[in-house]
Asker: 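Sharing a structure, written as structure tokens. Questions coming.
Source: prediction; values computed, not measured. Just so it is clear: chains get the letters A, B, ... in the order the sequence lines come, proteins before strands, and each one is counted from 1.
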There are 2 protein chains.
Amino acid sequence: MPAPLLTRDEILARLLEVFRSRGYEGASMSLISKETGLGKASLYHHFPGGKDEMVAEVLKHVDGILEQFVIAPLTDAGAPEAKLNTMIKNIDQFYCGGEKGCVLDSLSIKAGSDASGIKLKEQMRAWIKAMESVAKESGCDAREAKERAEEAMASIQGALVVARAIDNKSVFQRALKRLPEQLLK
Amino acid sequence: MPAPLLTRDEILARLLEVFRSRGYEGASMSLISKETGLGKASLYHHFPGGKDEMVAEVLKHVDGILEQFVIAPLTDAGAPEAKLNTMIKNIDQFYCGGEKGCVLDSLSIKAGSDASGIKLKEQMRAWIKAMESVAKESGCDAREAKERAEEAMASIQGALVVARAIDNKSVFQRALKRLPEQLLK
DNA sequence: GTCTATATAATGATAGAC
DNA sequence: GTCTATCATTATATAGAC
């Protein structure tokens with residue numbers, strides 16, 4: 001009985017990287033096997049439901065990342081500017097300065113209205129809602145806070161798309177720099 | 001010798017829809033066959049190089065759409081505001097008000113540094129450059145025009161991602177409405 | 001918990017008739 | 001230019017040894 005080579009969290013972290021860089025269809029079992037270092041049979045041992053279960057578990061894992069990097073920092077006590085700056089620092093790190101894409105985008109192609117699609121929708125809405133509450137704290141009324149938060153989300157996602165498409169991370173860096181004035185009143 | 005069922009342009013238009021909604025890996029030959037109404041053998045008759053050649057030809061087809069909907073309207077004579085409004089009206093139509101995604105995004109996962117990747121990069125840069133020139137006409141200096149154009153591109157791409165992710169087209173509509181003040185001085 | 005080996009299905013691609 | 005039938009390859013998934 002060989003000892004486990006990777007913790008479950010390490011496996012999920014590697015799966016997250018594969019799915020966000022290749023998408024659902026592009027992440028074949030052989031590629032996943034290569035990137036995680038686990039044989040196919042081992043992968044099915046951990047995820048009997050195959051790729052669909054892997055995606056579901058990765059998205060649960062993303063729940064934790066979202067909570068730690070986005071929700072908690074924005075929900076803590078403190079000045080809106082300071083809280084937002086913490087989130088910005090965190091996502092700059094998570095997206096490697098604009099080098100890596102967003103798994104909520106990469107997986108949205110596969111996800112029509114199945115379980116993973118619903119989960120993706122919930123997660124992006126939770127992120128927007130957290131930014132919305134900070135916008136309210138800064139003095140925006142309900143409608144303006146919601147719109148500013150959606151626009152902030154679009155700025156982040158769009159900057160990631162463009163940064164990768166034209167191979168220029170500065171687009172993402174400037175988007176992060178503009179976030180405070182975009183979201184806060 | 002059966003008559004052609006579709007013109008080449010109609011085939012390319014349908015291929016564009018499949019690739020932008022499913023991405024490269026998600027667009028299987030059987031799905032492509034179903035969506036175009038052509039048998040696999042017919043598809044290989046038109047595109048002997050298979051899916052890679054289809055993508056290459058679709059991107060050439062996108063050249064024409066970009067020229068017609070974006071480049072030409074922005075390059076014509078006229079006031080910057082009027083020209084930009086024409087582009088906005090055109091892309092609102094092309095993306096069906098925010099319902100459909102951008103093929104430059106959908107295909108960017110497959111495209112590392114191969115031919116299609118280079119083409120995608122060129123096309124997004126051409127779009128940005130056209131917006132950049134209009135920003136200059138409105139009074140921006142070179143550096144500000146470039147940054148505003150990149151940010152406008154990110155707004156469009158981000159709004160499409162978020163609109164689809166949270167199933168809310170108004171995000172895209174508001175992004176279009178904000179484009180003039182975002183791009184022009 | 002991991003492996004090798006294998007079964008089964010789907011995919012990209014081709015041959016040849018019409 | 002389109003079709004049916006088929007091939008070769010790759011994909012997902014499983015069985016059973018250790």
Side-chain angles (χ1 to χ4, degrees), chain A residues 1-59 61 106-107 109-112 114-117, chain B residues 1-59 61 106-107 109-112 114-117:
Chain A
M1 189 188 294
L5 298 182
L6 295 172
T7 66
R8 187 173 177 88
D9 252 35
E10 280 166 342
I11 295 173
L12 289 170
R14 295 189 186 192
L15 287 176
L16 170 61
E17 291 306 313
V18 182
F19 282 121
R20 80 158 149 177
S21 65
R22 303 297 193 110
Y24 182 82
E25 304 289 349
S28 67
M29 285 302 296
S30 31
L31 179 67
I32 291 171
S33 173
K34 185 180 150 203
E35 296 294 317
T36 59
L38 293 175
K40 292 182 195 177
S42 292
L43 289 165
Y44 279 100
H45 170 77
H46 290 286
F47 309 98
K51 276 172 69 175
D52 284 342
E53 186 175 346
M54 291 182 204
V55 167
E57 293 300 308
V58 162
L59 292 181
H61 185 245
S106 299
L107 287 179
I109 279 188
K110 131 92 180 171
D114 60 353
S116 67
Chain B
M1 188 189 295
L5 297 181
L6 295 172
T7 66
R8 187 173 178 88
D9 253 35
E10 281 166 342
I11 295 174
L12 289 170
R14 296 188 185 194
L15 287 177
L16 170 61
E17 291 306 313
V18 182
F19 282 122
R20 81 158 148 176
S21 64
R22 303 298 194 108
Y24 182 83
E25 304 288 349
S28 68
M29 286 303 296
S30 31
L31 179 67
I32 291 171
S33 173
K34 184 181 150 203
E35 296 294 316
T36 59
L38 294 175
K40 290 184 196 179
S42 293
L43 289 165
Y44 279 98
H45 170 78
H46 290 287
F47 309 98
K51 275 171 72 174
D52 284 343
E53 185 174 346
M54 289 182 206
V55 167
E57 293 301 309
V58 162
L59 292 182
H61 185 244
S106 299
L107 287 179
I109 278 188
K110 131 91 179 172
D114 60 353
S116 67

Asker: Would you name the heavy atoms of Arg20(B) and Ser106(B) that are closest together and state the gap between them?
Answerer: O-OG, 2.7 Å
Asker: Examine dG1(C): is either OP1 or OP2 under 4.0 Å from a nitrogen or oxygen in the side chain of Ser42(A)? Give yes or no.
Answerer: no
Asker: Calculate the interatomic distance between Lys34(B) atom NZ and dT11(C) atom P; express it in whole Å.
Answerer: 12 Å
Asker: Within less than 4.0 Å of OP1 or OP2 of dT14(D), is there a side-chain N or O belonging to Tyr44(A)?
Answerer: no
Asker: Rounded off to whole Å, could you give me the CE-to-P distance for the Met54(B) and dT11(C) pair?
Answerer: 14 Å
Asker: Identify, between Ile11(B) and Met29(A), the residue whose nearest nucleotide on DNA chain D lies closer to the 5' end.
Answerer: Ile11(B)
Asker: Enumerate the side-chain hydrogen bond (donor to acceptor under 3.5 Å, both in side chains) contacts for residues 4-16 of chain B, please, sequence neighbours excluded, ordered by first and then second residue.
Answerer: Thr7(B)-Glu10(B), Arg8(B)-Glu57(B)
Asker: Whole Å only: how far is the NE2 atom of His46(B) from the C1' atom of dC3(D)?
Answerer: 12 Å
Asker: Nearest to the side chain of Ala41(B) - dG12(C), dA15(D), dA15(C)?
Answerer: dA15(C)
Asker: What is the distance, rounded to the nearest whole Å, between atom CG of Leu43(B) and atom C1' of dT2(D)?
Answerer: 10 Å
Asker: Looking at CG of Leu31(B) and OG of Ser21(B), how far apart are the two atoms once the value is rounded to the nearest 0.5 Å?
Answerer: 7.0 Å
Asker: Output yes when at least one side-chain N/O atom of Ser30(A) is less than 4.0 Å from OP1 or OP2 of dA11(D), else no.
Answerer: yes
Asker: Nearest-Å distance, CG (Leu38(B)) to P (dT4(D))?
Answerer: 12 Å
Asker: Whether Lys51(A) contacts dT12(D) is assessed here as follows: a side-chain N or O lying under 4.0 Å from the phosphate OP1 or OP2. Is that the case?
Answerer: yes
Asker: Provide, to the nearest angstrom, the distance between the CD atom belonging to Glu25(A) and the P atom belonging to dT11(C).
Answerer: 9 Å
Asker: Under the side-chain contact (heavy atoms from CB on, under 4.5 Å) rule, collect the residues that match up with Tyr24(B), sequence neighbours excluded.
Answerer: Phe19(B), Lys51(B), Asp52(B), Val55(B), Leu107(B), Lys110(B)
Asker: Looking only at heavy atoms, which two atoms of Ser33(B) and Gly39(B) are closest? And how far apart?
Answerer: OG-CA, 3.8 Å
Asker: Distance check: side-chain N/O of His45(B) vs OP1/OP2 of dT2(D), anything under 4.0 Å?
Answerer: no
Asker: Send over the distance from Lys40(A) NZ to dA9(C) P, rounded to a whole Å.
Answerer: 16 Å
